Enquirer: 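Below is a structure I'd like to ask you about.
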Amino acid sequence: MLLEKWLGLQLCSLALGLEVSVGKAAVIYARNGSDVLLPCTFTSCIGISRATFSWIQNGTIIFQGVVKNKDSRPEPLVNDRLDDKYGLPPDLPLSKDNREFNISLLLRWAEFSDSGEYTCAVMNPKENNAKHSATITLKVVVELEKVDNTLTLIILAVVGGVIGLFILIMVIKKLVLFILKKTREKKECLVSSSANDNTENGLAGSKAEQKSAPKA
């Protein structure tokens, strides 16, 4: 049992050891003078013990923190120089499934000089001080570009119009078929009624003639 557990931990360490991610977007944009969140999470399937992390801007460490254990929130290192420019968001969640830890950094009052590469590096003593990192690029701009949805709206309008026209044609077709069916049934009814009247009139005439015929 112990051997199986040890082998499982070794396989877990090799396949799903310390991993650092800054999300799917390689570049994020921030408006000049606004606050921006630099995303970063790390995962460890064998647990953590005072895992330390650093944020590095263009080769310079700007923030350092620690996650003491799986039940702890990330916090700045005691010996780290506190700077109002950088900090941890107050609403960072606890670890997800005791494996994923959010160590995103809040950058306040973004300036053009803050543009550049930001590296999130993590070291976990419980994994023989395995150290991994991921990098994201920040670009501070005057104004964020507005997404032009005109083409999308035009396409949706055309598609919606085609679908609406198709539905209208189908409704008109069903209505015409219904009217033709009713008209055909009415004509058949009139023809049948007329034939019945002629037959009855013919029979009545024959009987009258037979009654009025003189006796020999």
Side-chain angles (χ1 to χ4, degrees), residues 11-12 15-16 19-45 70 73 88-108 110 114-115 117-118 120 134-213:
L11 291 174
C12 179
L16 296 171
E19 292 185 355
V20 181
S21 173
V22 289
K24 296 180 179 180
V27 180
I28 59 176
Y29 296 87
R31 184 170 56 83
N32 183 40
S34 66
D35 296 345
V36 58
L37 185 67
L38 304 174
C40 183
T41 59
F42 75 91
T43 57
S44 175
C45 68
K70 63 181 179 63
R73 295 182 187 276
L88 297 172
D91 55 349
L92 277 180
L94 288 171
S95 63
K96 183 179 179 181
D97 300 329
N98 293 330
R99 290 186 179 183
E100 184 177 291
F101 303 85
N102 192 327
I103 51 173
S104 300
L105 182 70
L106 180 63
L107 187 157
R108 302 182 181 90
D114 291 322
S115 297
E117 291 187 345
Y118 288 79
C120 176
T135 300
I136 193 170
T137 300
L138 171 67
K139 291 186 178 182
V140 181
V141 296
V142 177
E143 289 292 341
L144 296 177
E145 293 184 2
K146 295 182 179 179
V147 179
D148 189 0
N149 294 323
T150 303
L151 181 59
T152 302
L153 293 175
I154 292 175
I155 294 175
L156 291 175
V158 172
V159 173
V162 171
I163 294 175
L165 180 61
F166 177 76
I167 294 174
L168 180 61
I169 292 174
M170 294 301 295
V171 171
I172 293 175
K173 180 180 178 181
K174 286 185 176 295
L175 182 60
V176 170
L177 291 175
F178 177 77
I179 294 175
L180 290 175
K181 181 180 178 181
K182 290 297 182 182
T183 303
R184 190 182 303 112
E185 291 177 352
K186 187 175 181 180
K187 286 182 178 180
E188 291 176 354
C189 181
L190 291 174
V191 170
S192 176
S193 177
S194 176
N196 291 335
D197 290 343
N198 292 334
T199 302
E200 290 177 356
N201 291 334
L203 291 173
S206 299
K207 291 180 179 180
E209 291 174 359
Q210 292 175 3
K211 289 182 180 181
S212 59

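Model, not experiment: these values are computed from the prediction.
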Enquirer: With heavy-atom distances below 4.5 Å as the criterion, would you say the side chains of Leu107 and Tyr118 are in contact?
Expert: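 Counting from C-beta outward, Leu107 and Tyr118 do come under 4.5 Å.
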Enquirer: Roughly how far, to the nearest 0.5 Å, is OG of Ser115 from NZ of Lys139?
Expert: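 It is 8.5 Å, given to the nearest 0.5 Å.
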Enquirer: Could you work out, with side-chain hydrogen bond (donor to acceptor under 3.5 Å, both in side chains) as the rule, every residue matching Thr41, not counting sequence neighbours?
Expert: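 side-chain hydrogen bond (donor to acceptor under 3.5 Å, both in side chains) list for Thr41, sorted by chain: empty.
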Enquirer: Mind listing the closest non-hydrogen atom pair of Cys40 and Ser104 along with its distance?
Expert: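 Smallest interatomic distance, heavy atoms only, reads N-OG, 3.1 Å.
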Enquirer: Report the residues that fulfil side-chain hydrogen bond (donor to acceptor under 3.5 Å, both in side chains) with Ser21, sequence neighbours left out, ordered by chain and then residue number.
Expert: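 In terms of side-chain hydrogen bond (donor to acceptor under 3.5 Å, both in side chains), with neighbours along the sequence ignored, Ser21 is linked to no residue.
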Enquirer: Kindly write out the residues that satisfy side-chain contact (heavy atoms from CB on, under 4.5 Å) with Ile172, not counting sequence neighbours, or none if the list is empty.
Expert: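 Partners of Ile172 by the side-chain contact (heavy atoms from CB on, under 4.5 Å) criterion, ordered by chain and then number, come out as Leu168, Val176.
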Enquirer: Looking at CD of Glu100 and CD of Glu19, how far apart are the two atoms once the value is rounded to the nearest 0.5 Å?
Expert: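 Nearest 0.5 Å value for the CD-CD distance: 10.5 Å.
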Enquirer: Compare all side-chain heavy atoms of Val36 with those of Asp114 and state whether any distance is below 4.5 angstrom.
Expert: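 No; the side chains remain at least 4.5 Å from each other.
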Enquirer: Please give me the minimum heavy-atom distance between Ala110 and Arg31, naming the atom from each residue.
Expert: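 Taking every non-hydrogen atom into account, CB-O, 4.2 Å.
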Enquirer: For Ile163, check side-chain contact (heavy atoms from CB on, under 4.5 Å) against everything at least two apart and list the hits.
Expert: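 Only Val159, Ile167 meet the side-chain contact (heavy atoms from CB on, under 4.5 Å) criterion with Ile163.
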Enquirer: Less than 4.5 Å apart, side chain to side chain, heavy atoms only: is that true for Pro39 and Ile28?
Expert: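 Yes, close enough: below the 4.5 Å cut-off.
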Enquirer: Tell me, please, which residues at least two apart from Leu165 pass side-chain contact (heavy atoms from CB on, under 4.5 Å).
Expert: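 With sequence neighbours excluded, Leu165 shows a side-chain contact (heavy atoms from CB on, under 4.5 Å) to Ile169, given in chain and number order.
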Enquirer: When rounded to the nearest 0.5 angstrom, what distance separates NZ in Lys24 from CD1 in Ile136?
Expert: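 It comes to 13.5 Å.
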Enquirer: Sequence neighbours left out, what passes ring-ring contact (aromatic ring centres under 6.0 Å, His included) with Phe101? Give chain and number order.
Expert: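 Phe101 satisfies ring-ring contact (aromatic ring centres under 6.0 Å, His included) with Phe42 only.
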